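Structure record follows, encoded as structure tokens.
Order of listing sets the numbers, starting from 1, for every ligand and every atom in it. Along the sequence shown, the residues carry numbers beginning at 1. Only a predicted model underlies this, so the values are computations on that prediction, with no experimental measurement involved.
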Amino acid sequence: MEVSFSREVRALRLGAGDVFHGEGILAITKALLQSGVSYVGGYQGAPVSHLLDVMVQAEPYLRELGVHVQACANEASAAAMLGASIHYPIRGAVTWKSIVGTNVAADALSNLSSPGVTGGVLIVVGEDYGEGASVIQERTHAYALKSSMLMLDPRPELENMVRMVEAGYALSEASNMPALMELRIRACHVRGSFVCKDNVAPVVSTERPLAEPAAFDYARLAHPPVTFGHEKLKVEQRIPAAQRHIAAHRLNEVCDGEHREVGLIVQGGLHNSLIRALQQLGLADEFGNSALPILTLNVTYPLVPSEIEAFASAKRALLLIEEGQPAYIELDLRGHLHRLGLSAALHGKDLLPPAGELGVEALVGGLIGFVQRHLPQHPLDAAQAWLDDHAQRRRAVAAQLGAALPSRPPTFCVGCPERPVFAALKLAQQQVGPVHVAADIGCHAFATFEPFSSGHSILGYGMSLASSAGVSPLMQRRVLSVMGDGGFWHNGLLTGVQSALFNGDDSVLLIMKNGYTSATGTQDIISTPSDEIKASAPDKQQSLVDRNTTIESTLKGLGVRWLRTVHTYRVAEMRATLEEAFTTPFAGLKVIIAEGECQLERQRRIKPWIAGLLKAGRRVVRVKYGVDEDVCNGDHACIRLSGCPTLSLKDNPDPLKLDPVATVLDGCVGCGLCGENAHAATLCPSFYRAEVVQNPGWGERLVDALRRPVMRWLQAA
Ligand code: SF4
Ligand code: SF4
């Protein structure tokens, strides 16, 4: 990937006494090195992708430390890394986006948790939950419960987050349980500072490898009959050991407040929002001091009965602040209170929204309900007015617009190589009729938005072809499955292609070969063009991916007999290939590789190269497309076929015409789609292609000098 993390990599080298400034996720990354981690793996995905991206770019430094870093093929392979090291005093860390990544890793996590770990294991999951999330809204907490893993949810403050990484390893080792650390989007991006310690060279490392493998021990295999014993160990030894360790090392935090008759229990990750909400009620100050006692759970599983007893025994009422559903912690806490014989009234989802993100507004609403019931003497007018103000502002905006704010769906980048494919698909369907489209995770999922509105289902990363098996044999027209090269390697090759070939599926698979896992941050994959290929043709639009045929050779080796590779920007060719795939008498799996380098990566790559050429006074040609406003007929078919953000509208210069004309804004990167669409769909001939020449040669200057007066004369005439 072309993004540089050099500043972050430098921060990883900070030593004892240095002050780290930055984001939460980078603090966690530094804390892993301070904890003596031996290996780090993972699969990228927001909001934790920086952890792996930075580690990968820090590889030379990590080699000095002896830390092994691996970008894994998917989350299952990352989780599997943890499994083999269970015999050794090796600390490992892996990371991925959750809940989707944890779903993919679930099998390996079960098999890891059953025998238990020796060296500490930390699984840093980006809990992508709430309004900015891009995945299914479910909770990773469920996995901690079902597999008996520790669940850490650190209060988002850098010193505490770093402490919880170090403490998480110690807790994992004391209990033999792997630890999940959930980091919400806000925790990953919270900014702050902490005083560093020196990085710790791991006990076992690439510099200090183990001399001998562990002795054979059947009891450490996740295999019957020893798995029955493992289940008992979890309940009888590991969880109690974890509870003792959590209490002894005060991993959870208690804040005393003057209203001792009530208390708040909060997931660590929500602590900051809770303080902000309490401020609206006049129950906390700007330094985070609360008038209500708070038990902040940096560890949300397992709960510690002795801590609950100490906090709740003298209280009349408790409010548990727990985000999402099901209310796992509330159920757990209720059980503990009951077993401890404590009579405090427990509120939670009865006062707070049962689903969705617990932002400050939602928390203020819940706190008002709690305080009304249990601290009736406390004034709530200001908090209620604050809430009403927000509601009023929303109503006013809605009234002004006449409706709710219009949604602004995301879309492909300007010049994205995937946009032309969906234009071609639109045109192909005019010929063959509408087809069922099994969509997938990746940038191509933007095609589910207008103007393409293409895709009937999304089942998970790389799962489109596998999912289509349920409808493919039942439809008259062939089904189309779309996946990216990232999805292909993550999952699609085995779950989709292998199964389709084995079962003789008569459908069409379209693989977007843009060279990177673009949607997660343009990380490299096995079919990413090598640095040598990139260096050899920095100016080329399409040749980079073209020259790396790993996907094609893999498909051929597996037995795919109908295989076409088409450059994405050749809309007419792509349209014809799609039509052929939908209508050919060949009855097996038909695969079309749509090839064109991710434009985002291409721009990152060529911009410094072009800047260098300009600085050296070399000739540079930039292609731009435009619309002749006198020719544009104002039907906007080009926009409906492209959706490029730089293809826009402006007032019609003809006073007799009301419809606005199309126009190309400055951001056009000259990908050529406008011209291709105009030809493939026989649109009006209003598009023109212009070449902007910088640092022209003397011949070009001469031609330009001759042309200008002629053009002026023609215009005047
Ligand atoms: S990141 Fe790349 S593949 Fe994704 S939308 Fe942008 S240009 Fe297209
Ligand atoms: S040529 Fe057309 S589709 Fe391509 S970047 Fe320019 S306006 Fe967008």
### Message
Can you confirm if the NZ or CZ of Arg605 lies within 45° of the ring axis of Trp609 and under 6.0 Å from the centre of its six-membered ring?
### Response
no

#### Entry: Interatomic distance, Thr568 atom OG1 to Met512 atom CE [nearest 0.5 angstrom]
8.0 Å

### Query
How far does CG of Asp635 sit from CG of Asp659, to the nearest 0.5 angstrom?
9.0 Å

### Query
Can the ring centroids of Phe412 and Phe446 be said to lie less than 6.0 angstrom from one another?
yes

Show me which atoms of ligand 1 lie under 4.0 Å from any heavy atom of [X].
X: Leu600; value: 1 (S), 7 (S)
X: Cys416; value: 3 (S), 5 (S), 7 (S), 8 (Fe)
X: Cys443; value: 1 (S), 3 (S), 4 (Fe), 5 (S)
X: Cys413; value: 1 (S), 5 (S), 6 (Fe), 7 (S)
X: Asn514; value: 3 (S)
X: Gln599; value: 2 (Fe), 7 (S)

Can you name the atoms of ligand 2, numbered from 1 with element, that are less than 4.0 Å from a heavy atom of [X]?
X: Tyr625; result: 1 (S)
X: Leu673; result: 3 (S)
X: Val669; result: 5 (S)
X: Val414; result: 5 (S)

### Task
Locate the shortest heavy-atom distance separating Gly643 from Thr411; write the atom from each residue and the value.
O-OG1, 4.1 Å

Taking [atom] as the reference point, the nearest protein heavy atom with its distance:
atom: atom 7 (S) of ligand 2; answer: Thr646 OG1, 3.3 Å
atom: atom 6 (Fe) of ligand 2; answer: Cys668 SG, 2.4 Å
atom: atom 1 (S) of ligand 1; answer: Cys598 SG, 3.6 Å
atom: atom 4 (Fe) of ligand 2; answer: Cys671 SG, 2.4 Å
atom: atom 2 (Fe) of ligand 2; answer: Cys674 SG, 2.3 Å

### Task
Check the surroundings of atom CG in Leu714: do more than 12 heavy atoms from other residues, nucleotides or ligands lie under 6.0 Å from it?
yes

### Query
Is it true that Arg184 and Glu127 have a side-chain N and a carboxylate O under 4.0 angstrom from each other?
no

### Query
Looking at Lys650 and Glu629, does any basic side-chain N land under 4.0 Å from a carboxylate oxygen?
yes

### Query
Does the His636 side chain pair with the main chain of Pro660, one donor and one acceptor, at a distance under 3.5 Å?
yes

### Under 3.5 Å: donor-acceptor pair, side chain of Lys590, backbone of Gly588
yes

### Query
Hey, is Cys644 touching ligand 2 through its side chain, its backbone, both or neither, going by heavy atoms under 4.0 Å?
side chain

